[in-house]
There are 2 protein chains.
Amino acid sequence: MAAERPAEPAPRISVWLDDRPAPRRYSRTGAEQPGLDRAAITAATVALLDAEGTAKFSMRRLAGELGVTAMSLYWYVNSKEELMELAVDAVQADLTLPDLAGADWRESLRLLAGAYRRMLVDHPWVARTVGQYLNIGPEAMRFAGAAQSVLGSAGLRPEQLPGALAAVFQFVNGFASVEANWNARLADTGMQPDEFYAMVLARVDGMPQYADSLELRDEADRGVSVRQMRQNDFDTALELLIAGVGALREGTHDPPAPR
Amino acid sequence: MAAERPAEPAPRISVWLDDRPAPRRYSRTGAEQPGLDRAAITAATVALLDAEGTAKFSMRRLAGELGVTAMSLYWYVNSKEELMELAVDAVQADLTLPDLAGADWRESLRLLAGAYRRMLVDHPWVARTVGQYLNIGPEAMRFAGAAQSVLGSAGLRPEQLPGALAAVFQFVNGFASVEANWNARLADTGMQPDEFYAMVLARVDGMPQYADSLELRDEADRGVSVRQMRQNDFDTALELLIAGVGALREGTHDPPAPR
DNA sequence: GCAATCGCTGTACACCGTACAAGAATTCTG
DNA sequence: CAGAATTCTTGTACGGTGTACAGCGATTGC
């Protein structure tokens, strides 16, 4: 008798590993509302998250925005988490890939990293989710493919690509994540960036292990705005990464020599 | 009359920017329980998060573990978020710094990055929080100080340090975050690593932009276990970063020349 | 016309973080 | 030693959360 039991309901891993046709068959001819579908729900999710952030987002709130009950969303989406996966991927659709035709790989990498950073700062709720979901949706893959092909054109060997990709884009993600959080705290307090920075510095200066090197930085950056410092940090890291990619390529035993 | 109003309750930014003496004056002489304090609560929080993850963690659950009511925790801690900040910092206390005395900066960086990665994989709930909190607690600073001094000893100029630090440790954080998530999904499904990997690959292979380069990788890594691949990716990225630091140093206009 | 399905609603459950007031335990003050 | 003051702990309650489940008109295929 136990053989008939459907056992566990097969734990869900990711929307992207779950085939679900999202049927939408009826036409709702006379209805006022044009009717829901995954795309509309996802778009509204992105808009709401952009406007109010993760904390104020809820299924009921979203449903209200769509003029509908919370539970009706579950016809199109299995869970809130799944919806978040959809939203995270959807937001990467706006991540228009720069034209990399004439650019060499270094410049291409700069363009891609910059675009990625901008996307994360514009949509602060995304950064937290990278690493939390599988992130293998179509839009994510489009970007990953572009990035991978840039690094490939730099002459890296195939088995070097994933590591190099991770080095570059995990950095960008982490950096932008901190940046977005910093912006959010600023908005909460209403302080000026430099005022807030000074407050944090004052606290950190009292800590033994860190004070020395930080004072150096403090001196070096005197008179430089927080915004400029951040840009400088990003640029420095990016040049470091590009130089690293170059070094990895030169360490290649079989130079790729396109004939 | 409005002048007397205490206005907003001063929005909290971080535990570390909030001076709170955590008094603890009574001795609870005859009591069974040894009595609570921040350290005990934080330790229990870490233990619970390690054991069951963020999802099952709650103030009530934690209180139960400590044989106490949920609300009594709020005598020692202002909010759950603040408690998370404390836990994130506390877990970095176990992050014992390797002995960097005899090692050159390259090897030191490898050791630090490895230790950091291990910490994040052992405590998967930490990775998600980096970038979400200010992360300027004493233990975080101890590690950051060590990392900064290693990079400083590599000959980077002060204004290059933050960028280089970010490049290295934001990568490690992101990488370990993905790694920890992957482990969690594996545990959920009970699949074998390679089985799970094959499933994801199968899905990804169907996506147009990504298929080509991925097939390369698939070929290159045929017969290699997922675990080995991951280690290879981490090592590749780390060597890339180290080479990048080296290149940044060589690009220095004023060589540091310690006299 | 009728059965089946779709799309949606309402209600309900268990759980969450935490505000607030009251009470028990302990120490301070006299 | 009495009483006031303070330190902790508790109980109750509020407004939320995600979502299971049953039901119910609208639409469709037969």
Side-chain angles (χ1 to χ4, degrees), chain A residues 6 8-9 11-12 15 20-41 44-45 48-49 52-87 125 132, chain B residues 6 8-12 15 20-41 44-45 48-49 52-87 132:
Chain A
E8 302 93 44
R12 303 201 176 276
V15 218
R20 184 174 225 270
R24 181 87 208 120
R25 293 213 293 153
Y26 288 3
S27 45
R28 291 233 157 278
T29 53
E32 293 283 331
Q33 307 287 66
L36 260 41
D37 60 4
R38 270 201 175 188
I41 292 175
T45 301
L48 204 49
L49 285 168
E52 310 190 352
T54 322
K56 301 190 122 183
F57 178 84
S58 77
M59 296 303 271
R60 281 179 245 255
R61 177 87 178 74
L62 172 64
E65 210 72 20
L66 289 163
V68 118
T69 313
M71 286 315 292
S72 70
L73 301 174
Y74 285 90
W75 182 260
Y76 302 95
V77 148
N78 283 318
S79 66
K80 186 191 181 185
E81 212 186 21
E82 211 180 270
L83 178 54
M84 291 298 294
E85 288 192 85
L86 291 170
W125 48 276
Q132 187 164 189
Chain B
E8 303 93 43
R12 305 203 174 275
V15 219
R20 185 175 223 269
R24 181 82 210 123
R25 291 214 296 152
Y26 288 3
S27 45
R28 293 234 154 280
T29 53
E32 295 283 332
Q33 308 285 64
L36 259 42
D37 61 4
R38 272 201 175 188
I41 292 175
T45 301
L48 203 50
L49 285 168
E52 310 189 352
T54 322
K56 301 188 123 184
F57 179 83
S58 78
M59 296 302 271
R60 280 179 244 254
R61 178 87 178 73
L62 171 64
E65 209 73 19
L66 289 163
V68 118
T69 313
M71 285 316 291
S72 70
L73 301 173
Y74 284 91
W75 182 260
Y76 303 94
V77 147
N78 284 318
S79 66
K80 186 191 181 184
E81 212 186 21
E82 211 181 90
L83 178 54
M84 291 297 294
E85 287 191 86
L86 292 170
Q132 188 164 189

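Just so we're on the same page: letters track the sequence lines, and every chain starts at 1. Only this structure's heavy atoms are used, side chains among them; waters, hydrogens and symmetry mates stay out.
One atom, CZ of B/F57, and another, C1' of D/dT17, lie 17 Å apart when rounded to the nearest Å. The distance from atom CE of B/M59 to atom C1' of D/dT9 is 14 Å, rounded to the nearest whole Å. Rounded to whole angstrom, the span from the CG atom of B/L62 across to the P atom of C/dC15 amounts to 17 Å. Between the CZ atom of B/R61 and the P atom of C/dC15 there is a distance of 12 Å, given to the nearest Å. Straight-line distance from the NZ atom of A/K80 to the C1' atom of D/dT19: 12 Å, rounded to whole Å. Nucleotide C/dC16 holds its P atom 11 Å from the NZ atom of B/K56, rounded to whole Å. Rounded to a whole Å, the CZ atom of B/R60 is 16 Å from the C1' atom of D/dT9. When the C1' atom of C/dC8 is taken as reference, atom CG of A/L66 falls 13 Å away, rounded to whole Å.
B/S72 comes within 4.0 angstrom of a base, heavy atoms only.
Residue A/V68 has its side chain nearest to C/dC8 when only D/dA20, C/dC8, D/dT9 are considered. For A/A70, whose side chain is taken as the heavy atoms from C-beta onward, the closest listed nucleotide among C/dC8, D/dT19, D/dT7 is D/dT19.
In this structure, the side chains of B/Y76 and B/L83 stay at 4.5 Å or more apart for every pair of heavy atoms. Here the side chains of A/L73 and A/L36 are in contact, with some heavy-atom distance below 4.5 Å. The shortest side-chain heavy-atom distance between A/E81 and A/E85 does not fall under the 4.5 Å cut-off.
Distances shown here put a side-chain N or O of B/W75 below 4.0 Å from the OP1 or OP2 atom of D/dC8. Contact between the side-chain N/O atoms of A/Y74 and the OP1/OP2 oxygens of D/dC21 is not found at any separation under 4.0 Å. Between A/T69 and C/dC8, a side-chain N or O to OP1/OP2 separation shorter than 4.0 Å is absent.
Panel note: side chain B/S79, backbone B/E82; a donor-acceptor pair is recorded below 3.5 Å. With hydrogens and angles ignored, the 3.5 Å screen pairs no side-chain donor or acceptor of B/R60 with any backbone N or O of B/A70.
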